[in-house]
Peer 1: 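Quick one: structure below, then a few questions.
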Amino acid sequence: MLIQSYVMKSEYNRLGTTDLKISKVGLGTWQFSQDWGVTEYQRAKGVINRAVELGINFFDTAMYYGGGLSEYYLGRALRETGVSRDNVVITTKVLADFLNPSDIYKSVRRAIELLGLKYVDVVMPHWPPCWHNFPTYKYARALEKLVTMGLVNYLGLSNFPLELIESFRESLSSTDIQVLQVRYNLLEREAEEQIIPYAEKNHFTVQAWSPIAKGALTGKYSIENLPKFDDVREADPIFHPDNFSKIAPLIGKINEIGKKYNKKPVQVALNWLMRASPTVVPIPGAKTNEQVEDFVGAVGWTLQYEDWVSLNELSKKVDISYSIHYVTRKIP
Ligand SMILES: NC(=O)c1ccc[n+]([C@@H]2O[C@H](COP(=O)([O-])OP(=O)(O)OC[C@H]3O[C@@H](n4cnc5c(N)ncnc54)[C@H](OP(=O)(O)O)[C@@H]3O)[C@@H](O)[C@H]2O)c1
């Protein structure tokens, strides 16, 4: 009974133009790596178990996360929950360095093996190739081959600019992408310029990564209580005091609005994203079962227009500087 009160049957979207049903909030699993510190299997399993219990069926992982540890933990935990394969949708990502055809094949085979599956629902390049200069048409066709061979059901692109998305799509002959994965949260909204309108027009799903700005939007960190992180956030510009001090009014408003709806700040921040565009499916990462419960509490209600707008306006005033560490570093 308790479970039903968290997720209702209507709280699902479709993946892109497919018939696949995906929960309105997914779960990111980068947390199961040294980068975020959840390296113990039982802890990861607890998080995944709770997500499945509460109706989350959309999971994101990547080869990069723990060098395969996240894929392994995710696949193993899903099997142990007993959830039917047909009822979960998994996205994984190929490192940009592996985007030559033979490495694509080998690495996707490895991902499938680590996940313990026969196929992956969605595979996407994690970001565009940089120093290897792999031509777009070549890795697009190599990825398409995995679809025709039945190892992968659908393709996506993560962190790709519009020009490359179009060039990638033009290189495909028998399939199309269904997912665009981008950073999108109330502090970092560049995706609104081109990617989200493009996804809306083409009916792609937008997986919003870092949807709570790596914890910055949860209200538990403040300029007075900014810990020295010993994880991936150690050098994250958002948590630099000069940037973090700029977001206080927005966090204050998120807190205030949360009280009005009897919701936590994290739930307000996620609800805002889902309300921003129907294509957006946030994929927040959790380190504890309680954090997953919070994510699920972000659906099943809607921010009223005036509250959405007031956050919109405050958020637009935030201007995160990504060169902050460089420009403030003292050189001897
Ligand atoms: N495609 C890409 O390039 C890319 C890049 C980054 C991430 N991703 C994907 O997106 C997922 C999510 O992004 P992310 O991990 O960068 O950041 P995020 O989801 O914005 O933040 C996750 C962190 O916020 C804190 N948190 C989570 N729930 C909370 C709650 N209810 N209350 C308070 N704090 C909470 C946790 O850290 P603490 O408890 O330690 O504060 C957690 O590790 C990843 O797991 C990954 O799957 C993709």
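Order of appearance sets the numbers: ligands from 1, and atoms from 1 within every ligand.
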Peer 1: Can you confirm whether the side chains of Tyr64 and Glu71 place a donor and an acceptor under 3.5 Å from each other?
Peer 2: no

Peer 1: Considering only protein heavy atoms, which is closest to atom 43 (O) of ligand 1, and at what distance to one decimal place?
Peer 2: Gln31 NE2, 3.1 Å

Peer 1: So between Glu293, Lys264, Lys220, whose heavy atom ends up nearest atom 38 (P) of ligand 1?
Peer 2: Lys220

Peer 1: Measure the distance from atom 19 (O) of ligand 1 to every protein heavy atom, then report the residue, atom name and distance (to 0.1 Å) of the closest one.
Peer 2: Gly285 N, 2.9 Å

Peer 1: Atoms of ligand 1 less than 4.0 Å from Val266 heavy atoms?
Peer 2: 31 (N)

Peer 1: Considering only the protein, which heavy-atom contact is closest to atom 44 (C) of ligand 1, and what is its distance?
Peer 2: Trp30 CB, 3.6 Å

Peer 1: To the nearest 0.5 Å, what is the distance between CD (Gln267) and CD1 (Ile212)?
Peer 2: 10.5 Å

Peer 1: Is there a nitrogen or oxygen of Phe295 sitting under 3.5 Å from a nitrogen or oxygen of ligand 1?
Peer 2: no

Peer 1: Looking only at the side chains, is there a donor atom on one of Thr39 and Gln34 sitting less than 3.5 Å from an acceptor on the other?
Peer 2: no

Peer 1: Please write down residue, atom name and distance for the protein heavy atom closest to atom 47 (O) of ligand 1.
Peer 2: Asp60 OD2, 2.7 Å

Peer 1: Starting from atom 3 (O) of ligand 1, what is the nearest protein heavy atom, named by residue and atom, and what distance separates them?
Peer 2: Asn159 ND2, 2.8 Å

Peer 1: May I ask you to identify the nearest protein heavy atom to atom 14 (P) of ligand 1, giving residue, atom name and distance to one decimal place in Å?
Peer 2: Ser210 OG, 3.6 Å

Peer 1: Any idea which protein heavy atom is nearest atom 10 (O) of ligand 1, and the distance to it?
Peer 2: Trp209 CB, 3.3 Å

Peer 1: Check whether NZ of the Lys or CZ of the Arg Arg76 lies under 6.0 Å from the centre of the six-membered ring of Tyr41 and within 45 degrees of that ring's axis.
Peer 2: yes

Peer 1: Where does Lys93 meet ligand 1, judged by heavy-atom distances below 4.0 Å: at the side chain, the backbone, both, or neither?
Peer 2: side chain

